[in-house]
Participant: 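Just passing along the structure, written as structure tokens.
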Amino acid sequence: MKTIYLDHAATTPVHPRVLEKMLPYLKGQYGNPSSVYRLGREAKKAIEDARERVAQLLGAEPREIVFTSGGTESDNIALQGVARANRGRGKHIITSSIEHHAILHTAAALEKEGFSVTYLPVDKYGQVRIADLEAAIREDTILISIMYANNEVGTIQPIQEIGRVAREHGIIFHTDAVQAAGYVPIDVNRDNIDLLSLSGHKLYGPKGIGALYIRKGTRMAPLMGGGAQERNWRPGTENVPGIIGLGEAVALARENMEERAEGIRRLRDKLINGVLERIDHVRVNGHLEQRLPGNAHFAFEFIEGESLLLNLDLEGIAASSGSACTSGSLEPSHVLLAMGIPHEIAHGSLRLTLGEDNTEEDVERVLAVLPPIVKKLRDMSPLCRESV
Amino acid sequence: MYTDKVMEHFLNPKNVGEIENPDGVGQVGNPRCGDIMKITIKVDDNRITDIKFKTFGCAAAIATSSMITEMAIGKTIEEALQLTNKAVAEALDGLPPVKMHCSNLAADALHAAIKDYQERVGASQ
């Protein structure tokens, strides 16, 4: 059975062009970029080319790009790095209640160290309100960290306005752009972003590589000691094949970004409209316009997400859910709860995230198999009065 | 993560539905935690002659519901009261640790149905 992969927010396949660029660096080009001889110099040159490509994606300068192991590490360096270097100035951090756990868990750890953290609420579409942000700012606020776009419901935040407010108050602004980078045009100068996290494997690059943009002059401290690589921000021998792969992936993302986004968006809208036409008692979560092109997020009443995912898996469809059973905890997704979605509805959530490799046929297949699966589970549910 | 037996009962659950005019009804769990099980039973001569379930929940919740109906049918009330959540999990060759308490409520639902039956019998005597 053909796999229909609809979980691109979790990870993407490596693009063939990315793999092709990486292969030499897994074979003959094994030099350490810190070495003085030719093999080393060539590796160094290749990672500097990749750095320039990442900088171009963000409208940044190459020397402002630091390669890391991925989004989680970038988030950690940003939050902990700013907190440590600025604790003399203030101990207040503002973030949102719908961040990725890489931010939320790091913020919670900083609270234990004596920092005070404000978690901004969101509206029912998952957007932070600028008035709430302004009201939360204190004399001792040192950092604002708000994600560019949400990984579950795909809602894009008012980043330019947040950046403007942060700049007006002289507060460092970090954004986790792991889901947005490569899908929406980002300009760190237009958006007044000081720190930005991105990850390779969300944009058809390899896993285990990411980047952190650090605006020059940003006051922060590195987390690890060890070597002078990445201008001391991230010591340790560079992941050369990963960096080369990320460089190619961001170059690909920049090519016709808007056209490719439009193609994915069209398929996504066909999927959303098709589900709404065929199934009752379903809602679409997240913002309808300010939304990542590939994200479709539903909540089906009366049924539970894991049961839905396992049934879809038997049909070869890979998807995800925010139900408690799939989160490994007893609570459903913190994002859905923060948006005011009741527990019992959050348990029935389904996230389908499309990518470049999806086709019209994929969407038609989902629209054919999803309604009978939902019906079967509803027929089994004590919450469902009549078969819908 | 699930055993073959869990998947078998999840995909082809036995005794799904609700008995009309049941002798006992038991419901446990709540929608907030993501699992609700409702069991209806028919009792003749102190023996469970028919049992059906409806469940809102994950694969473990549906599989344990299906399994308890198979384990309980034909049993006397006293025998059925001996069935435990643990025994249901064992009959399914085990459940993932995280599911052991949140989605393993089937015996509780059965016992609630029996309690309801006993109260109805007591009230009519």
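Residue numbering restarts at 1 for every chain, and letters A, B, ... go by the order of the sequence lines.
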Participant: With rounding to the nearest 0.5 Å, note down the distance linking NE2 in A:H343 to CG in B:N30.
Facilitator: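 That separation rounds to 9.0 Å.
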
Participant: Please lay out, stage by stage, how A:L310 and B:L11 fare under the test side-chain contact (heavy atoms from CB on, under 4.5 Å).
Facilitator: CA-CA 9 Å; A:L310 288 170; B:L11 294 170; 6.0 Å; no

Participant: Does A:Y125 OH have over 12 foreign heavy atoms under 6.0 Å away?
Facilitator: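 Counting other residues, nucleotides and ligands, OH of A:Y125 stays at 12 neighbours or fewer.
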
Participant: Could you tell me whether A:K2 atom NZ has more than 12 heavy atoms of other residues or ligands within 6.0 Å of it?
Facilitator: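 Yes - once you tally the heavy atoms of other residues, nucleotides and ligands closer than 6.0 Å, there are more than 12.
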
Participant: Tell me, for B:P13 versus chain A, whether the close heavy atoms (under 4.5 Å) come from the side chain, the backbone, both or neither.
Facilitator: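 Answer is side chain: those atoms of B:P13 sit under 4.5 Å from chain A.
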
Participant: Heavy atoms only, distances under 4.5 angstrom: which of B:P96, B:A60, B:A59 has the most pairs with chain A? Name it, please.
Facilitator: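 Going by pairs under 4.5 Å, I would pick B:A59.
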
Participant: Between B:I62 and chain A, with a heavy-atom cut-off of 4.5 Å, which part of the residue counts as in contact: side chain, backbone, both or neither?
Facilitator: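 For B:I62, the contact with chain A is made by the side chain alone.
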
Participant: Less than 4.5 Å to any heavy atom of chain B: does that hold for the side chain of A:I303, its backbone, both, or neither?
Facilitator: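 The backbone, not the side chain.
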
Participant: Kindly say whether A:M380 contributes a backbone atom to a donor-acceptor pair with the side chain of B:T55 at under 3.5 angstrom?
Facilitator: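 No; zero donor-acceptor contacts below 3.5 Å.
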
Participant: Tell me whether the count of non-hydrogen atoms from other residues, nucleotides or ligands lying under 6.0 Å of CD in B:E20 goes above 12.
Facilitator: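 Open.
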
Participant: Where on A:L314 is there a heavy atom nearer than 4.5 Å to chain B: the side chain, the backbone, both, or neither?
Facilitator: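 For A:L314, side-chain heavy atoms alone lie under 4.5 Å from chain B.
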
Participant: Any chance you could measure B:K54, atom NZ, to A:L383, atom CG, to the nearest 0.5 Å?
Facilitator: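 Taking NZ in B:K54 and CG in A:L383, the distance rounds to 10.0 Å.
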
Participant: Between CZ of B:F56 and SG of A:C384, what distance do you get to the nearest 0.5 Å?
Facilitator: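 B:F56 atom CZ to A:C384 atom SG measures 11.0 Å (nearest 0.5 Å).
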
Participant: Write down the atom of A:S307, the atom of B:G57, and the distance for their closest heavy-atom approach.
Facilitator: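 Shortest heavy-atom separation between A:S307 and B:G57 comes out as OG-O, 2.6 Å.
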
